[in-house]
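Please read these numbers as outputs of a predicted model, since none were measured by experiment.
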Amino acid sequence: MSGRRSGSGVSSISDDQITHLVFKLQQLIPELCARRSLKASASKVLQETCDYIRNLHKEVEDLSDRLSQLLASIDTDNDQAAIVRSLLM
């Protein structure tokens, strides 16, 4: 049987499905997508995916900090501040 088994003994995903999912991940990661002609190993795709997600988290934190600083620096009674706040809600 070529399906993987979870701890409960229920078949969850086949090797072909894993291969397909790894291929789909490879297409989503810019670093790997640029090298489309080279087929990366599953472990490489997973490592690059983890690195990419980590970098995205850092970017979100940085942008959140910058936005907080910007909001703190603008006049709260300003019409532009109200517009920015409404967009964030």
Approximate separation, where rounding is to 0.5 Å, of [X] [atom1] and [Y] [atom2]:
| X | Y | atom1 | atom2 | result |
| --- | --- | --- | --- | --- |
| K44 | E31 | NZ | CD | 6.5 Å |
| L63 | L56 | CG | CG | 10.5 Å |
| L28 | F23 | CG | CZ | 10.5 Å |
| L32 | Q47 | CG | CD | 10.5 Å |
| I18 | I13 | CD1 | CD1 | 5.0 Å |
| N55 | E48 | CG | CD | 9.5 Å |

If you take all heavy atoms of C33 and Q27, which pair is closest and at what distance?
->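 Here C33 and Q27 meet closest at SG-O, 3.6 Å.
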
Do I53 and V45 belong to the same hydrophobic cluster, where Ile, Leu, Val, Met, Phe, Trp and Tyr are linked whenever their side-chain heavy atoms lie under 4.5 Å apart, directly or via other members?
->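 In one cluster with I53: V45, no.
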
What do the steps show when you test D65 against Q69 for side-chain hydrogen bond (donor to acceptor under 3.5 Å, both in side chains), and what is the final call?
-> CA-CA 6 Å; D65 290 344; Q69 291 171 0; over 6 Å; no

For S68 and S64, indicate whether the former's side chain and the latter's backbone hold a donor-acceptor pair under 3.5 Å.
->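 Here the side-chain-to-backbone pair exists.
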
Would L46 and L25 satisfy side-chain contact (heavy atoms from CB on, under 4.5 Å), going step by step from the backbone distance to the final call?
-> CA-CA 8 Å; L46 293 174; L25 267 179; 3.9 Å; yes

